[in-house]
Amino acid sequence: MIQFTDVVKSYEQGNKALNGVTMQIEDGEFCFLIGPSGSGKSTIIKLITGELKPTSGTVHVNGYSLERIRRREIPYLRRTVGVVFQNYRLIEKMTVYENVAFAMRVVGAREKEIRDRVPYVLELVGLEGKENRHPNELSGGEQQRLAIARALVNNPSTIIADEPTGNLDPERSFEIMALLQEINNLGTTMLVVTHDRNLVELFGKRTIAIDEGLVVNDGLEEEENDEAE
């Protein structure tokens, strides 16, 4: 579960990125986070992953209290949260298999676990048969699938997808969103940060809108559209 209670985050320059955010995302939920540039979305991601601590308020993520988490606990928190970045952050000199295996080795997985888990995850995201290719030999959609596989391989309870369709055409965007939905159906909590209102409307999930560091709307996009009509 992700829970923010009256969270304020100020930076050294004095500007506030968050001005009292309160929200809760339940285990197994699929949720969109939307808002204009500079609204506070990136700060929320950094708070969830332990990169930042709140100035005030409380942040609870998968059993960890982020306002008082110890440095040695942060790697354990991050094993519960997989992040899919917009620019993929793949290691170009490594093959598809090695990119995913590396994510397991970082957390100390045994080689037998890696040999068992990596092929399963690559098949889940539709990259079976491409284990020996390098990222520059993949299409944009395939690179995003590889980034998802890497985020998923350590079996996190939560995945944050930061603008996962930002570099893709509409058809590939739909395919990636359908994949994230499939992963969510397996029980993984999914938080998708996006500017793409069309995808938000198409998938009709709970949508949290943030602006100027505040939650300005929280609910199902479909319900909002019905009310507007």
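If you read the sequence from its start, that first residue is 1, and numbering goes on from there. These values consider heavy atoms only, across backbone and side chains, with no hydrogens, waters or symmetry-generated copies.
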Could you tell me the separation between the CD1 atom of I74 and the CZ atom of R79, rounded to the nearest 0.5 Å?
-> 13.5 Å

Shortest non-hydrogen contact from L199 to S173?
-> CD1-CB, 4.0 Å

Enter the distance from L186:CG to Q181:CD here, rounded to the nearest 0.5 Å.
-> 10.0 Å

Answer whether the closest heavy-atom distance between the side chains of L180 and P164 falls below 4.5 Å.
-> yes

Could you list the residues that satisfy salt bridge (Lys or Arg N to Asp or Glu O under 4.0 Å) with D116, not counting sequence neighbours?
-> K112

Taking salt bridge (Lys or Arg N to Asp or Glu O under 4.0 Å) as the test, write out the residues that go with R105, two or more places apart.
-> E111

Provide the full list of ring-ring contact (aromatic ring centres under 6.0 Å, His included) pairs with a residue in residues 158-193, sequence neighbours left out, each pair given once.
-> F174-F203

Rounded distance [0.5 Å steps], CD1 in I114 versus CD in E98 | 11.5 Å

For R78, what residues pass the salt bridge (Lys or Arg N to Asp or Glu O under 4.0 Å) criterion, not counting sequence neighbours?
-> none

How about L191 and I48: do any of their side-chain heavy atoms sit closer than 4.5 Å?
-> yes

Beyond-backbone contact of D196 with T165, side-chain heavy atoms, under 4.5 angstrom = yes

Would you check if the side chain of R145 reaches a backbone N or O of L179 as a donor-acceptor pair within less than 3.5 Å?
-> no

Return yes if some donor-acceptor pair links the side-chain N/O of S65 with the main-chain N/O of R68 below 3.5 Å, else return no.
-> no

Starting at CE of M177, measure out to CD of E182 and round the result to the nearest 0.5 Å.
-> 13.0 Å

Is K53 reaching over with its side chain to a backbone N or O of I69, donor-acceptor style, under 3.5 angstrom?
-> yes

Is any NZ, NE, NH1 or NH2 atom of the basic residue among R172 and E175 found under 4.0 Å from an Asp or Glu carboxylate oxygen of the other?
-> yes

Nearest heavy-atom approach of A103 to V153 is CB-CG1, 3.9 Å

Shortest non-hydrogen contact from Y88 toward G140 | OH-O, 3.4 Å

Working for side chain to side chain donor-acceptor pair (under 3.5 Å), residues H134 and E92 | CA-CA 6 Å; H134 287 79; E92 294 295 333; over 6 Å; no

Side chain proximity check, I160 to V81, heavy atoms < 4.5 angstrom = yes

R117: side chain to side chain donor-acceptor pair (under 3.5 Å) partners, not counting sequence neighbours = none

Value for CD1 (I2) from CG (N62), rounded to nearest 0.5 Å, stands at 6.5 Å

hydrophobic_cluster_shared for I159 and V83, side chain cutoff 4.5 Å | no

Of all the heavy-atom pairs spanning P156 and A151, show the shortest one and how long it is.
-> CG-O, 3.3 Å

Report yes or no: do M104 and V106 belong to one cluster of Ile/Leu/Val/Met/Phe/Trp/Tyr joined by side chain heavy-atom distances under 4.5 Å?
-> no

Would you call T95 and R133 a side-chain contact if the rule is heavy atoms closer than 4.5 Å?
-> no

Is there side-chain contact between V125 and L146, with at least one heavy-atom pair below 4.5 Å?
-> no

For Y11 and T43, run side chain to side chain donor-acceptor pair (under 3.5 Å): C-alpha distance rounded to whole Å, both residues' side-chain angles, the deciding distance at 0.1 Å, then the answer.
-> CA-CA 10 Å; Y11 290 104; T43 298; 2.9 Å; yes

Taking atom CD1 of I148 and atom CG of L152, what is their separation to the nearest 0.5 Å?
-> 9.0 Å

Say whether, by atom type as modelled, one donor and one acceptor occur between the side chain of N19 and the main chain of E212 under 3.5 angstrom.
-> yes

Any side-chain heavy-atom pair of V61 and L66 under 4.5 Å | yes

If we only count heavy atoms from C-beta on, is the L47 to P54 side-chain gap below 4.5 Å?
-> yes

Identify every side-chain donor-acceptor pair in residues 25-40 under 3.5 Å, counting partners at least two apart or on other chains, and give the distances.
| from | atom 1 | to | atom 2 | distance (Å) |
| --- | --- | --- | --- | --- |
| E26 | OE2 | Q24 | NE2 | 2.5 |
| D27 | OD1 | M1 | N | 2.4 |
| E29 | OE1 | E26 | N | 2.9 |
| E29 | OE1 | R206 | NH1 | 3.3 |
| E29 | OE2 | R206 | NH1 | 3.0 |
| S39 | OG | P36 | O | 2.7 |

Are Y120 and L122 co-members of a hydrophobic cluster defined by side-chain heavy atoms under 4.5 Å apart?
-> yes

Any chain of hydrophobic side-chain contacts (each under 4.5 Å) joining I210 to I45?
-> yes

